[in-house]
Chemist: 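Take this structure, written in structure tokens, and hold onto it; I'll ask about it next.
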Amino acid sequence: MYSAVQPSGNLTIGNYVGAVRNWVKLQEEYEGYFAIADLHAVTVRQEPAELRARTKELAALYLACGIDPEKCALYVQSHVSAHAELCWLLNTVTYVGEASRMTQFKDKSQKHADNINMGLMDYPVLMAADILLYQTQAVPVGIDQKQHVELARDLAIRFNNRYGETFTVPEPLIFKGGARIASLQDPLYKMSKSDENPNASVFLSDDRDTVIRKFKRAVTDSGNEVRYAEEKPGISNLLNIYCAFKGCTIEEAEREFEGVGYGDFKLAVGETVADVLTPIQKRQRELLIEKEELKRILEGGAERAYKASRKTLSKVYRKMGFYRE
Ligand code: TRP
């Protein structure tokens, strides 16, 4: 299994429930590789000092959330040079047409119209290199990355046809999982890390008071019953969040909050979320203070990734006819 996240922006509780927690579960079943995708991050402008700080913070956060360096390789993408090398080689089997048709490339070109650089278009090819280097079977990603995993499949198949069996053809593993967490201010939209309204999203870095305040301000619906229903998107979203953090079913939560007013319900959701986040934040802080441990874990991860990736990369060089002794 292979997945990665970019060290940009803050993670929300939606990312936690939808992605991070799934990784933590999947590491039990698969041999996993998880990268902090810093080479991807620089396809949009980054402040160097911030990129460096965020890379460490994100690695510490993933560990704090339960990624276990004994079970899988957690590493920083740029520490393993095979990614950039395979990206170059895969560029030669990628058509400009297919790369320029990627939805995310088109979206980002609009959003960063003053910086449509080569890297932005090459982004999915680098991602294919990430995946294919490890003979990956499963790629857990959000739905927005599905098209990129499909490109990785196409490139693997094309390369195998042209040069002989080299890559495992990967499958996307799309997170569905019950709860899709929506904005606290407009529950018809997904909770997003880039929402302009600061009360719309709860971040994993929010302290207890902030978490509780944001839930207090969450929009609710008319009526006064804590009940899951299509015409009650605000309350339904809060129930989803409550259940995801409490580990209970909607029915159990509805029963628990029977006769309870919206105000007290919102307070309970806030406290439940804060109770999960507090120990994660504490562990993350410890890892960032005790620098040696984090350094050692990331070095170990990079070493494992280096070994696995070298095998594939040597094979690719040989198949393509590069001179090797
Ligand atoms: N592009 C992914 C995202 O933004 C991150 C990523 C980089 C990734 N390389 C990957 C995800 C390889 C899965 C597999 O979410």
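Every number for a ligand or one of its atoms is a count from 1 in the order of the listing.
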Chemist: Can you name the atoms of ligand 1, numbered from 1 with element, that are less than 4.0 Å from a heavy atom of Q6?
Modeler: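 With Q6 as reference, the close atoms of ligand 1 come out as 4 (O).
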
Chemist: Should the pair K108 and Y123 be classed as cation-pi, given the thresholds of under 6.0 Å to the six-membered ring centre and 45° from the axis?
Modeler: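 Relative to the ring axis of Y123, which defines the angle, K108 lies inside both limits.
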
Chemist: When you measure from atom 10 (C) of ligand 1 to every protein heavy atom, which one gives the shortest distance, and what is it?
Modeler: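 I find the closest protein heavy atom is M127 CG, 3.4 Å.
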
Chemist: What do we get for V149 next to ligand 1 when only non-hydrogen atoms under 4.0 Å count, side chain, backbone, both or neither?
Modeler: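 It is neither; nothing of V149 touches ligand 1.
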
Chemist: Which atom names give the shortest non-hydrogen contact between S109 and F105, and what distance separates them?
Modeler: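 Between these two residues, the closest heavy atoms are OG-O, 2.6 Å.
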
Chemist: Please evaluate residues S192 and D195 with respect to the criterion side-chain hydrogen bond (donor to acceptor under 3.5 Å, both in side chains), reporting the C-alpha separation (whole Å), side-chain torsions for both, the decisive distance (0.1 Å), and the verdict.
Modeler: CA-CA 5 Å; S192 149; D195 204 304; 5.5 Å; no

Chemist: Can you tell me which residue and heavy atom of the protein come closest to atom 13 (C) of ligand 1, and the distance to 0.1 Å?
Modeler: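 In this structure, atom 13 (C) of ligand 1 has V141 CG1, 3.5 Å as its nearest protein heavy atom.
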
Chemist: Quick check on contacts: which atoms of ligand 1 are under 4.0 angstrom from a heavy atom of H40?
Modeler: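 The atoms of ligand 1 under 4.0 Å from a heavy atom of H40 are 7 (C), 9 (N).
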
Chemist: What residue and heavy atom of the protein are closest to atom 9 (N) of ligand 1, and at what distance?
Modeler: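 Going atom by atom, the protein heavy atom closest to atom 9 (N) of ligand 1 ends up being D130 OD2, 2.7 Å.
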
Chemist: Report yes if some N/O of H148 lies less than 3.5 Å from some N/O of ligand 1; otherwise report no.
Modeler: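 Between H148 and ligand 1 (N or O atoms, distance only) the closest approach is not under 3.5 Å.
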
Chemist: Please determine which of N237, D186, L184 meets the side chain to side chain contact (heavy atoms under 4.5 Å, CB included) test together with M191.
Modeler: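 Of the listed residues N237, D186, L184, the side chain to side chain contact (heavy atoms under 4.5 Å, CB included) partner of M191 is L184.
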
Chemist: Just wondering, more than 12 heavy atoms not from N117 lying within 6.0 Å of its CG?
Modeler: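 More than 12 within 6.0 Å, yes.
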
Chemist: When you measure from the side chain of Q104 to the backbone N and O of Q145, does any donor-acceptor pair fall under 3.5 Å?
Modeler: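 Judged by distance alone, no pair lies under 3.5 Å.
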
Chemist: Give the residue, atom name and distance (to 0.1 Å) of the protein heavy atom nearest atom 5 (C) of ligand 1.
Modeler: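 Nearest protein contact, heavy atoms only, for atom 5 (C) of ligand 1 is A4 O, 3.3 Å.
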
Chemist: Does any N or O of ligand 1 fall below 3.5 Å from an N or O anywhere on Y2, backbone included?
Modeler: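 There is no such contact.
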
Chemist: Within ligand 1, which atoms have a heavy atom of I131 less than 4.0 Å away?
Modeler: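 Per the distance check, 12 (C), 14 (C).
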
Chemist: Say whether Q145, considering both its backbone and side-chain N or O atoms, lies within less than 3.5 Å of an N or O atom on ligand 1.
Modeler: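 Checking ligand 1 against Q145, an N or O pair does fall under 3.5 Å apart.
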
Chemist: Give the contacting part of V139 toward ligand 1: side chain, backbone, both or neither, where contact means a heavy-atom distance below 4.0 Å.
Modeler: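 For V139, only side-chain atoms sit under 4.0 Å from ligand 1.
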
Chemist: Mind checking whether H112 and I116 have side chains closer than 4.5 Å, heavy atoms only?
Modeler: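 No - every pair of side-chain heavy atoms lies 4.5 Å or more apart.
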
Chemist: Can you list the steps and then say if R283 with L63 is a side-chain contact (heavy atoms from CB on, under 4.5 Å)?
Modeler: CA-CA 8 Å; R283 178 71 184 129; L63 291 166; over 6 Å; no

Chemist: In terms of the angle between their ring planes, are Y75 and Y134 parallel, tilted or perpendicular, with boundaries placed at 30° and 60°?
Modeler: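 Tilted, since the angle between the ring planes falls between 30° and 60°.
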
Chemist: Give the residue and atom name of whichever protein heavy atom lies nearest to atom 1 (N) of ligand 1, and the separation in Å to one decimal.
Modeler: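 Protein heavy atom with the smallest distance to atom 1 (N) of ligand 1: Y123 OH, 2.7 Å.
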
